[in-house]
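Okay, so here's the structure we're looking at.
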Amino acid sequence: MGSVRRTMIAAPERSARLVEALGLVACDDDAQCDASTARLKETATLWPVVLSVLLVTSLGTAGTLALWHEPVGLATALGVAMTGLGLAAWAVLALPAAQDMAPHQRILSLAGLAAALGIVLSLQLDLSPTLPTGPLRVTGFVLGFGSIVLTAIALHPVRAASLVFAVSLALMVPFAGGTGLAAAAALLLAALLVAGVCRIAMRDQQRLGAQEDQERERQLATRLVREYESHGTGWFWQTDRAGCLNYVSAKVARELAALGTAPMGQRLVDVFRVDSSMAETERTLTFHLSSRTSFSDYSVRPAFETAADRWWSISGRPMLDDLGRFQGFIGFGSDLTEKRRSEAEITRLALFDSLTGLANRQRLRLSLDQALSTAQGPHTTTALFLLDLDRFKVVNDTLGHQCGDELLKQVAQRLQRTVGDAGLVGRLGGDEFQVVLPREGNREQLGTLAQQIITALSQPFFIAGSSLSIGCSVGIAIAPEHGHDSETLIRNADLALYAAKADGRGVSRFFREEMLAGAQKRKRLEDDLRSALGDDEFHLVYQPVVSTRDQRIVGYEALLRWEHPTRGAVSPADFIPVAEECGMIEAIGEWVLRTACAEAANWPANVRIAVNVSAIQFANPALPAIVTSALATSGIGADRLELEITESVFVNDDASSNQMFKTLKGIGVRLALDDFGTGYSSLGYLRKAPFDKIKIDQSFVRGAIQAGNRNAAIIKAIVTLADTLGMETTAEGVEQQDEIKLISDLGCSHIQGFVYGRPARAADVRAQLDSGGSGAGGATPVGHRVSRANRATVLRSARLEIGGETGEVRIRNLSATGVMIDGVDFPEEAVGVEVRIELVENELFPATIRWISEGRAGLEFTRHFDMERLSQAPSRVIRRAS
């Protein structure tokens with residue numbers, strides 16, 4: 001705020017007519033009328049003197065002539081006329097009856113009297129040369145000229161009368177002295193005088209208008225200030241040069257009086273003091289008053305002792321007069337009491353979660369920033385926990401959000417009890433929580449606390465008569481090891497939480513650098529994926545589906561492949577989840593569908609094409625239109641297209657899913673249930689969903705041929721169920737030729753797997769279908785003829801017991817049915833001998849020697865060995881998957 005000068009505001013000039021400026025016409029403007037009346041009063045004040053001079057002049061001239069025995073008739077007549085005209089003017093100016101007349105009427109009357117008086121005074125002045133002596137002539141001239149001058153001075157406020165008086169005098173010059181140089185000079189002077197008076201009249205009129213505007217603005221400002229002070233929250237104050245208050249709005253004056261002090265006359269700093277808790281008011285009021293500098297929005301409280309909590313905001317600036325001299329301070333204020341109370345409440349609400357009462361995201365961030373600040377010391381550690389509840393969504397979906405909210409409240413209570421004073425517990429939103437642990441960096445203690453939290457939240461919750469069990473995953477990051485700022489630490493804790501979820505949930509994980517590298521790699525993969533479709537980096541390969549009845553190819557499954565220009569081949573297991581998360585799966589899925597249909601159009605009409613449809617695509621209402629468009633563009637029949645849908649589409653089993661199934665079947669396409677038995681398996685949806693085929697996941701096929709494996713029984717059960725429901729079955733992942741007979745004997749209608757070759761490009765598929773090796777479309781097995789148990793290549797030492805003696809051998813190969821060892825020197829006759837070998841530490845398994853060759857031997861176990869027990873082997877074991 002700058003200083004303010006106490007000056008009048010210049011109003012814009014008004015255009016005015018001369019007759020109005022001279023007051024010769026009626027005017028509705030009260031200010032104009034008042035101004036005319038004031039000018040008349042000013043003339044009336046001086047008019048008695050004019051009367052006295054006129055009387056003295058008349059009597060002096062007539063008396064002198066009489067004493068010298070000169071004719072006095074003309075002098076007496078002029079004296080009587082002057083006196084009469086003067087008295088008439090006095091009547092117009094001063095009598096009450098005349099004052100009741102309109103101002104312009106009085107001015108017109110006075111102007112007429114002034115004209116007559118000018119003529120009379122001019123004739124009176126002409127009498128002075130007729131006086132008997134020189135001194136008397138001079139005296140007569142002085143009296144006559146003085147009367148004229150004094151009359152002109154008295155009439156000057158009334159501009160119209162002044163003009164008429166001057167003109168009448170000028171016109172009398174040629175009348176009395178004839179035309180000539182004197183007359184011309186008189187008329188010229190009269191014209192100049194008229195011009196000057198008219199300019200003065202116009203200036204007065206304009207000044208009057210400006211004053212009127214200023215007065216109107218002043219009155220408006222006064223009314224607005226009073227209205228603002230009466231009904232608004234603001235108020236005004238002013239001090240003198242000594243800093244003492246000489247004006248305070250009435251309402252604030254009453255408030256201060258109620259608090260115990262009368263503000264008027266007191267120094268400003270004795271009434272208000274700056275609220276030191278506010279950071280924006282660093283300087284005191286005393287400083288600004290002494291330095292005469294402006295201040296703005298200073299929060300102040302009463303400077304005297306009072307029990308009430310009152311706050312105001314005041315601003316002020318110095319006042320200067322027209323000469324730049326300091327006159328005091330002027331300013332305004334507003335009441336902050338309710339605002340400060342509201343802000344305190346808002347701050348409380350803004351820093352705490354309304355549902356649980358825990359710290360909210362903002363307060364957690366402030367606490368973390370404070371814990372990480374350099375003010376805490378360069379060697380201070382801070383830990384951050386990010387928590388995510390497991391299976392919470394199920395509670396919300398099954399029992400409702402009200403029950404979910406109650407569960408969150410109980411979770412908050414358990415978290416606070418478990419963490420205690422060790423840190424600040426807060427809720428980020430939903431089922432996400434955060435714990436800030438200042439000055440804590442011991443991994444062992446942090447791991448213990450995390451496990452205590454997991455254990456506490458894994459205990460049953462009792463809500464609305466129901467027992468609920470959830471879990472918790474925890475991600476941990478430690479500063480400064482895992483980041484020096486909040487953003488980095490939160491990101492790394494989130495990556496650790498992601499890893500904890502990936503490791504099966506219900507566990508805690510510390511951040512590791514490889515987690516960030518993995519996230520960055522995933523981000524780069526996402527960026528590359530966005531351009532892969534436009535850059536034509538995708539292509540399809542096709543894996544045959546073979547009928548077990550006649551060993552002929554009845555269809556192919558389209559499989560997406562990505563050939564990155566620098567990465568090379570990227571596995572679908574890597575990029576498909578990324579495509580689903582970043583929202584590209586629908587565009588990619590549509591491309592796969594259209595491309596597969598277009599390439600299948602070149603195949604025989606009896607060969608079907610199967611295309612995978614993700615749950616995201618299935619939820620898109622536009623899917624039927626996309627399928628119809630792909631069929632129409634390619635020209636293949638709808639019955640040749642088979643859409644493979646996973647069980648994940650039934651997570652939200654609702655009317656929209658049923659309608660989608662109905663619409664797709666209405667198009668005429670076939671529907672296959674993919675990866676049956678590995679997801680959300682439920683016999684209920686098989687009863688409703690119109691599937692044409694069930695695809696048995698390869699996890700059930702592998703190992704089914706091994707003795708004692710239950711997978712064959714599971715496959716048989718699935719086939720029986722499918723037959724009952726009128727559905728075909730396809731066994732996936734068949735790799736060994738002897739598995740073909742097993743799958744056929746179990747009743748599967750179709751086989752798919754490497755046993756009939758690797759997935760091939762469209763051109764190779766066409767060649768395969770046209771080949772005549774085993775008839776058009778015939779399938780030839782290419783896998784291993786005999787299935788072998790899964791083996792692991794192992795390099796370790798083991799104890800071998802044979803014939804009561806024990807020795808050390810080395811294990812090379814290990815499977816569920818046997819083991820190959822080396823470092824032995826058995827004779828040929830040892831084949832068939834029973835031995836015992838240490839597969840797991842301190843545990844001997846019975847076996848029989850089946851072959852011996854060049855220092856090696858093969859042992860067959862008496863009973864199957866559980867390969868999963870290899871994880872219990874001592875650290876000296878070196879394993880790799882075979």
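Counting heavy atoms from C-beta on, the side chains of Met264 and Val248 come closer than 4.5 Å.
Here the side chain of Ser373 pairs a donor or acceptor atom with the backbone of Gln370 at under 3.5 angstrom. Here the side chain of Ser290 pairs a donor or acceptor atom with the backbone of Phe287 at under 3.5 angstrom. Checked by atom type and distance alone, the side chain of Trp47 never pairs as donor or acceptor with a backbone atom of Leu87 at under 3.5 Å.
Between Asp405 and Lys409 there is no salt bridge, since no side-chain nitrogen of the basic residue lies less than 4.0 Å from a carboxylate oxygen of the acidic one. Between Asp335 and Arg310 there is a salt bridge, since a side-chain N of the basic residue sits under 4.0 Å from a carboxylate O of the acidic one.
The two residues Leu78 and Val120 come nearest to each other via the heavy atoms O-CG1, 3.6 Å. In terms of heavy-atom proximity, Arg39 sits nearest to Val158 at O-CG2, 3.9 Å. In terms of heavy atoms, Phe236 sits closest to Ser249 at N-OG, 2.8 Å. Taking every heavy atom of both residues into account, Ser168 and Ala114 meet most closely at OG-O, 4.2 Å.
Between Phe272 and Trp312, a ring centre-to-centre spacing shorter than 6.0 Å is recorded. Ring-centre distance between Phe329 and His288: not below the 6.0 Å cut-off.
No option in Leu93, Val92, Val164 other than Val92 meets the side chain to side chain contact (heavy atoms under 4.5 Å, CB included) test with Leu113.
Counting only N and O atoms by type, the side chains of Ser299 and Ser313 include no donor and acceptor under 3.5 Å apart. Residues Arg427 and Thr356 have side chains that never bring a donor and an acceptor to within less than 3.5 angstrom of each other.
The number of heavy atoms from other shown groups lying within 6.0 Å of CZ (Arg203) is above 12.
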